Amino acid sequence: MWKAVPKIRIMDTTLRDGMHAMAHQFTPEQMARVAAALDEAGVDVIEVSHGDGLAGYSFQYGFAAATDEEYLRAVAPVLKRAKLAALVLPGIGTCKDMQMAVKAGVKVFRIATHVTEADISEEHMGLAKEMGAEVVGFLMMSHTVDKEKIAEQARLMESYGADVVYVVDSAGAMTPQEVKEKVSYVRSCLKIPVGFHAHNNLGLAIGNTLAAVEAGATVVDGTLRGLGAGAGNAPTEVLVAALKKVGCEVGVDLYKIMDAATVLEPMMRRPQVIDNASIMLGYAGVYSSFLLHTYRAAEKFGLDPRDILMELGRRKIVGGQEDYIIDVAYEMAQNKQVVAG
Ligand SMILES: C[C@H](O)CC(=O)C(=O)O
Ligand SMILES: [Mn+2]
């Protein structure tokens with residue numbers, strides 16, 4: 001039951017999380033077209049970066065079609081109302097990258113760490129504040145720990161100056177009940193707003209986002225057509241319709257956000273569906289952006305991607321260990337040969 005009619009802020013990350021599904025190959029011109037349509041619809045914040053944040057382009061994470069600066073400079077001039085955001089993973093994106101981003105028009109930094117490692121965000125958050133940007137803390141893989149741990153790490157981010165802290169379901173592994181418990185507890189421990197970022201691997205992205213809002217989250221993420229890592233994210237156009245339906249004020253025009261989704265659609269490499277491997281991401285609790293890396297490893301070593309994902313889940317590997325996927329697949333292929341022997 002809704003206690004009040006909340007005003008919900010939508011941050012759209014089609015042009016960042018969606019980069020994973022595009023193997024980071026959006027062109028700057030495509031980004032500008034999608035961003036203009038999102039802006040026209042009234043979306044408050046539009047995130048633009050490599051899928052793994054500023055400076056993510058590498059052998060480890062995958063090379064993008066253009067540099068962060070080219071993407072940001074293509075999008076910034078088309079925004080009339082929306083704020084431009086960039087994701088930063090400390091250890092990948094540096095302070096220098098953040099300075100470049102501010103010059104290119106970034107007004108919001110989302111600083112992402114593994115859910116137990118908020119302490120590495122202090123320097124980046126401090127710099128973002130110093131440069132006058134809004135700061136969002138992003139606690140990835142929040143399904144791996146209990147609510148007390150998330151709240152402890154969220155409080156650290158709050159103490160570093162975060163304006164919002166997100167509970168992030170990177171693996172699309174959380175259930176609505178779990179989302180409610182975690183978000184309401186974190187919210188009760190903070191003075192700042194709480195956000196929620198969903199993945200759709202178990203088909204729960206919209207349901208989980210609604211559960212987060214019911215539990216007190218006032219900032220939520222979406223991507224057009226759900227474009228994103230794994231089975232993708234909460235589709236922004238569906239989220240707008242669903243939030244309006246339960247009585248939330250979102251400040252986004254429903255027809256125009258649907259129109260934005262049709263601008264994106266022809267650019268997509270394939271429809272964003274919950275395929276069998278994506279289900280395994282959610283089931284085994286594996287980082288959604290490992291999906292395409294796992295497909296490549298499965299093809300290379302003649303394995304079923306579902307088996308690799310189960311093994312990655314068993315080994316509890318975290319973001320940043322993308323190269324380890326190849327090691328695991330190699331090991332599994334060797335064992336298979338021995339057994340077949
Ligand atoms: C770097 C990741 O893609 C960040 C994210 O969107 C998530 O953890 O989910
Ligand atoms: Mn994500």
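Bear in mind that the values here come from a model prediction, so they are computed numbers and not experimental data. Just so you know, ligand 1 is whichever comes first in the structure, and atom 1 is the first atom listed for that ligand.
- Salt bridge status for K147 with E181: absent, with no side-chain N to carboxylate O gap under 4.0 Å.
- The nearest heavy-atom contact from the protein to atom 3 (O) of ligand 1 is H20 NE2, 2.9 Å.
- For a distance bound of 2.8 Å, the N, O or S atoms of H197 include one lying that close to the Mn ion (ligand 2).
- Between the NE2 atom in H197 and the OG1 atom in T223 there is a gap of 8.5 Å [rounded to 0.5 Å].
- Near V168, the atoms of ligand 1 lying under 4.0 angstrom from a non-hydrogen atom of the residue are 7 (C), 8 (O), 9 (O).
- A donor-acceptor pair shorter than 3.5 Å cannot be found between the side chains of D221 and T13.
- Using a 4.0 angstrom heavy-atom cutoff, G51 counts as in contact with ligand 1.
- Listed by atom number, the atoms of ligand 1 under 4.0 Å from H199 heavy atoms are 9 (O).
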Problem set entry | Candidate pair D327 and D323, rule side-chain contact (heavy atoms from CB on, under 4.5 Å), full reasoning | CA-CA 7 Å; D327 292 352; D323 50 354; over 6 Å; no
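- A heavy-atom separation below 4.0 Å is not found between M141 and ligand 1.
- For the pair S289 and ligand 1, the shortest N or O to N or O distance does not fall below 3.5 Å.
- With hydrogens left out, the protein atom closest to atom 8 (O) of ligand 1 is S170 OG, 2.7 Å, a heavy atom.
- S49 and D68 share no donor-acceptor pair across their side chains, judged by distance under 3.5 Å alone.
- No more than 12 heavy atoms of other residues, nucleotides or ligands shown are found within 6.0 angstrom of CZ on R306.
- Coordination check, D221 versus the Mn ion (ligand 2): failed, since every N/O/S atom of the residue sits at 2.8 Å or beyond.
- Within D17, OD2 is the N, O or S atom that lies nearest to the Mn ion (ligand 2).
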For this session: Please step through salt bridge (Lys or Arg N to Asp or Glu O under 4.0 Å) for the pair K129 and D163, ending with a clear verdict.
Result: CA-CA 10 Å; K129 292 302 267 188; D163 299 294; 2.9 Å; yes
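- The shortest N or O to N or O distance between D169 and ligand 1 is not under 3.5 Å.
- If you look at F138 and Y166, their ring centroids are closer than 6.0 Å.
- From the protein, the heavy atom lying nearest to atom 2 (C) of ligand 1 is Y287 OH, 3.2 Å.
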